[in-house]
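Reading through the structure tokens given below for one structure.
By convention here, the first residue in the shown sequence is residue 1.
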Amino acid sequence: MAGNPRKDEISGVDTTGHEWDGIEELNNPLPRWWLWVLYASVIWSIGYWIAMPAWPGISDYTRGMLGYSQRQTVMDELAEVKAGRADIEAKIVASSLEDIAKNPNLNQYALAAGQAAFGDNCAACHGSGAQGAKGYPNLNDDHWLWGGSLEDIHYTINYGIRSTHDETRFNDMTAFLADEILEKQEISDVAEYVLSLSGTSSDSEAAQRGLPLFEDNCVACHETGGVGNREMGAPNLSDKLWLFGGDKKTVVQSISYGRKGVMPTWEARLDPVTIKALSIYVHSLGGGE
């Protein structure tokens, strides 16, 4: 309800003449400095819209009179970082893996770059700490299917295992049941013999029956005593380290249907510097030879 303005008796401030249920509105305008800040902000925003990229369109956005681009700024910063790395990366390309490992500066750079690349490209399968998982090798120990030297690791990263690359490491394990080479009981006996190699068999008689079967069918890859053959990627069966599991059921599964794990080739995905850095990093994890 509107009335006549008057001076409030308690505060001494003029009223606006507005009153609701006996409550009158005091005439307390905003401070001048606050209003000037507001007006300046409005003027500044108009200038910003004109000078800087601000308004989205259907297929583009307003570029602004200053031509500023945050994306270009980031690209320039990345180019600057890359230019700063150019010298050391050129040395890495020109150096052998052994020379990189012996050079403190190159080795330090390779380890840092390799760790970053591992997290981006390898951790999904091998784990963030390279500890591996079922079907994915642990890269921290010194047990290698294809060898753990710098050159061996570099070759594996480059070309992969059972990958699409012509130079990939390749050797399939025979599916002895699926290919009808052995019967179920024979496979069970072979599994017992394999378990006996690491002292985990629970049936010595079955293991004895499995010995000649192992010699006839498995020695060509795993060698006598099941010690493995790195040139063929055949694992050592005499230790207690298992890629897919070392219980009887899993071993029977492996013998029956084979194992054909795949590691992709990184040659076309990563540049030579990154692949060398990854080789140095993986080799340094504790299992490199």
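Atom-to-atom distance recorded for Asp247:CG and Thr200:OG1 is 9.5 Å, nearest 0.5 angstrom. Distance check, rounded to the nearest 0.5 Å: OG of Ser96 to CG of Leu150 gives 9.0 Å. Atom CG of residue Leu285 and atom CG of residue Asp142 lie 12.5 Å apart, to the nearest 0.5 angstrom. From Asn229, atom CG reaches atom CG of Asn236 across 11.0 Å, with rounding to the nearest 0.5 Å. A distance of 9.5 Å separates CE of Met263 from CZ of Arg169, quoted to the nearest 0.5 Å. The OG atom of Ser149 sits 9.0 Å away from the CG atom of Leu97 when rounded to the nearest 0.5 Å.
Lys260 pairs by the salt bridge (charged side-chain N to carboxylate O under 4.0 Å, His left out) definition with nothing, not counting sequence neighbours.
Checked by atom type and distance alone, the side chain of His222 pairs as donor or acceptor with a backbone atom of Pro235 at under 3.5 Å. Side chain of Thr16 to backbone of Leu26: no donor-acceptor contact under 3.5 angstrom is found. At distances below 3.5 Å, at least one donor-acceptor pair connects side-chain atoms of Asn171 with backbone N or O atoms of Met232. With hydrogens and angles ignored, the 3.5 Å screen pairs no side-chain donor or acceptor of Tyr136 with any backbone N or O of Gly127. Within the 3.5 Å criterion, the main-chain N or O of Gly246 finds no donor-acceptor partner in the side chain of Thr250. In this structure, Gln131 contributes its side chain and Gly129 its backbone to a donor-acceptor pair below 3.5 Å. Of the possible polar contacts, one joining the Thr168 side chain to the Tyr159 backbone as a donor-acceptor pair under 3.5 Å is found.
No side-chain heavy atom of Ile255 sits less than 4.5 Å from a side-chain heavy atom of Glu186. The closest side-chain heavy-atom distance from Leu243 to Leu145 is below 4.5 Å. Contact check for Pro137 versus His126: side-chain heavy atoms found under the 4.5 Å cut-off. Looking only at side-chain heavy atoms (C-beta outward), His154 and His283 stay at 4.5 Å or farther from each other. In this structure, Glu267 and Glu167 have side chains that are not in contact, with every pair of non-hydrogen atoms separated by 4.5 Å or more.
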Checklist line | Test side-chain contact (heavy atoms from CB on, under 4.5 Å) applied to Trp144 and Thr156, step by step | finding: CA-CA 11 Å; Trp144 297 86; Thr156 300; over 6 Å; no

Checklist line | side-chain contact (heavy atoms from CB on, under 4.5 Å) between Leu30 and Leu38, worked out | finding: CA-CA 11 Å; Leu30 293 170; Leu38 174 63; over 6 Å; no

Note to self: Show, in sequence, the C-alpha distance, side-chain angles and deciding distance for Thr62 and Trp49, and conclude whether the side-chain contact (heavy atoms from CB on, under 4.5 Å) test is met.
What the structure shows: CA-CA 9 Å; Thr62 58; Trp49 293 341; over 6 Å; no

Item checked: Verdict with reasoning, Tyr193 to Leu213, per side-chain contact (heavy atoms from CB on, under 4.5 Å) -> CA-CA 9 Å; Tyr193 174 72; Leu213 293 169; over 6 Å; no

Check: Hey, mind stepping through Ser256 and Lys184 against side chain to side chain donor-acceptor pair (under 3.5 Å) and telling me if it holds?
Finding: CA-CA 8 Å; Ser256 298; Lys184 287 186 177 181; over 6 Å; no

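Using a 4.5 Å cut-off between side-chain heavy atoms of Ile, Leu, Val, Met, Phe, Trp and Tyr, with links allowed through other members, Met65 and Trp55 fall into the same hydrophobic cluster. In the hydrophobic clustering of ILVMFWY residues, with side-chain heavy atoms under 4.5 Å counting as a link, Val37 and Ile43 come out apart. By the rule that hydrophobic residues join a cluster once side-chain heavy atoms approach within less than 4.5 Å of another member, Leu211 and Leu195 end up as members of one cluster. Both Val252 and Phe214 are assigned to one and the same hydrophobic cluster, defined by single-linkage of ILVMFWY side chains at heavy-atom distances under 4.5 Å. Leu270 and Ile100 are assigned to two separate hydrophobic clusters, defined by single-linkage of ILVMFWY side chains at heavy-atom distances under 4.5 Å.
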Please output the side-chain donor-acceptor pairs of residues 72-88 that fall under 3.5 Å, not counting sequence neighbours, one pair per line with the distance.
{"unit_1": "Gln72", "atom_1": "NE2", "unit_2": "Asp76", "atom_2": "OD1", "d": "2.8"}
{"unit_1": "Thr73", "atom_1": "OG1", "unit_2": "Ser69", "atom_2": "O", "d": "3.0"}

Which donor-acceptor pairs under 3.5 Å do side chains of residues 172-182 form with protein atoms, sequence neighbours excluded?
{"unit_1": "Asp172", "atom_1": "OD1", "unit_2": "Arg162", "atom_2": "NE", "d": "3.2"}

When the side chains of residues 102-113 are checked against the rest of the protein, which donor-acceptor pairs come out under 3.5 Å, sequence neighbours left out?
{"unit_1": "Asn103", "atom_1": "OD1", "unit_2": "Asn105", "atom_2": "N", "d": "3.0"}
{"unit_1": "Asn103", "atom_1": "OD1", "unit_2": "Leu106", "atom_2": "N", "d": "3.1"}
{"unit_1": "Tyr109", "atom_1": "OH", "unit_2": "Glu89", "atom_2": "OE2", "d": "2.7"}

Only distances under 3.5 Å count here; give the side-chain donor-acceptor pairs of residues 271-281 to other protein atoms, sequence neighbours excluded, each with its distance to 0.1 Å.
{"unit_1": "Asp271", "atom_1": "OD1", "unit_2": "Val273", "atom_2": "N", "d": "3.0"}
{"unit_1": "Asp271", "atom_1": "OD1", "unit_2": "Thr274", "atom_2": "N", "d": "2.9"}
{"unit_1": "Asp271", "atom_1": "OD1", "unit_2": "Thr274", "atom_2": "OG1", "d": "3.2"}
{"unit_1": "Asp271", "atom_1": "OD2", "unit_2": "Thr274", "atom_2": "OG1", "d": "2.9"}
{"unit_1": "Lys276", "atom_1": "NZ", "unit_2": "Ile92", "atom_2": "O", "d": "3.0"}
{"unit_1": "Lys276", "atom_1": "NZ", "unit_2": "Val93", "atom_2": "O", "d": "3.2"}
{"unit_1": "Lys276", "atom_1": "NZ", "unit_2": "Ser95", "atom_2": "O", "d": "2.5"}
{"unit_1": "Ser279", "atom_1": "OG", "unit_2": "Ile275", "atom_2": "O", "d": "2.8"}

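Looking at every heavy atom in both residues, Arg269 comes nearest to Pro264 through NH2-CB, 3.8 Å. Minimum heavy-atom separation, Leu237 to Leu197: O-CB, 3.7 Å. Considering all non-hydrogen atoms of both residues, Ser198 and Trp242 come closest at OG-CZ2, 4.1 Å. Between Ser128 and Phe118, the closest heavy-atom pair is O-CE2, 4.3 Å. Residues Val42 and Ser45 share a closest heavy-atom pair of O-OG, 2.6 Å. Taking each heavy atom of Tyr61 and Pro56 in turn, the nearest pair found is CB-CA, 4.1 Å.
For residues 215-240, the salt bridge (charged side-chain N to carboxylate O under 4.0 Å, His left out) pairs, not counting sequence neighbours, are Arg230-Glu289.
When the shell of 6.0 Å around CD of Glu183 is examined, it contains 12 or fewer heavy atoms from other residues, nucleotides or ligands. Within a 6.0 Å radius of CZ in Arg6, more than 12 heavy atoms belonging to other residues, nucleotides or ligands are found. Within a 6.0 Å radius of OH in Tyr48, other residues, nucleotides and ligands contribute 12 heavy atoms or fewer.
The residues Glu192 and Lys248 are annotated as salt-bridged, a charged nitrogen and a carboxylate oxygen being separated by less than 4.0 angstrom.
Aromatic ring pairs are classed by plane angle as parallel below 30°, tilted from 30° to 60° and perpendicular above 60°; the pair Trp20 and His18 is perpendicular.
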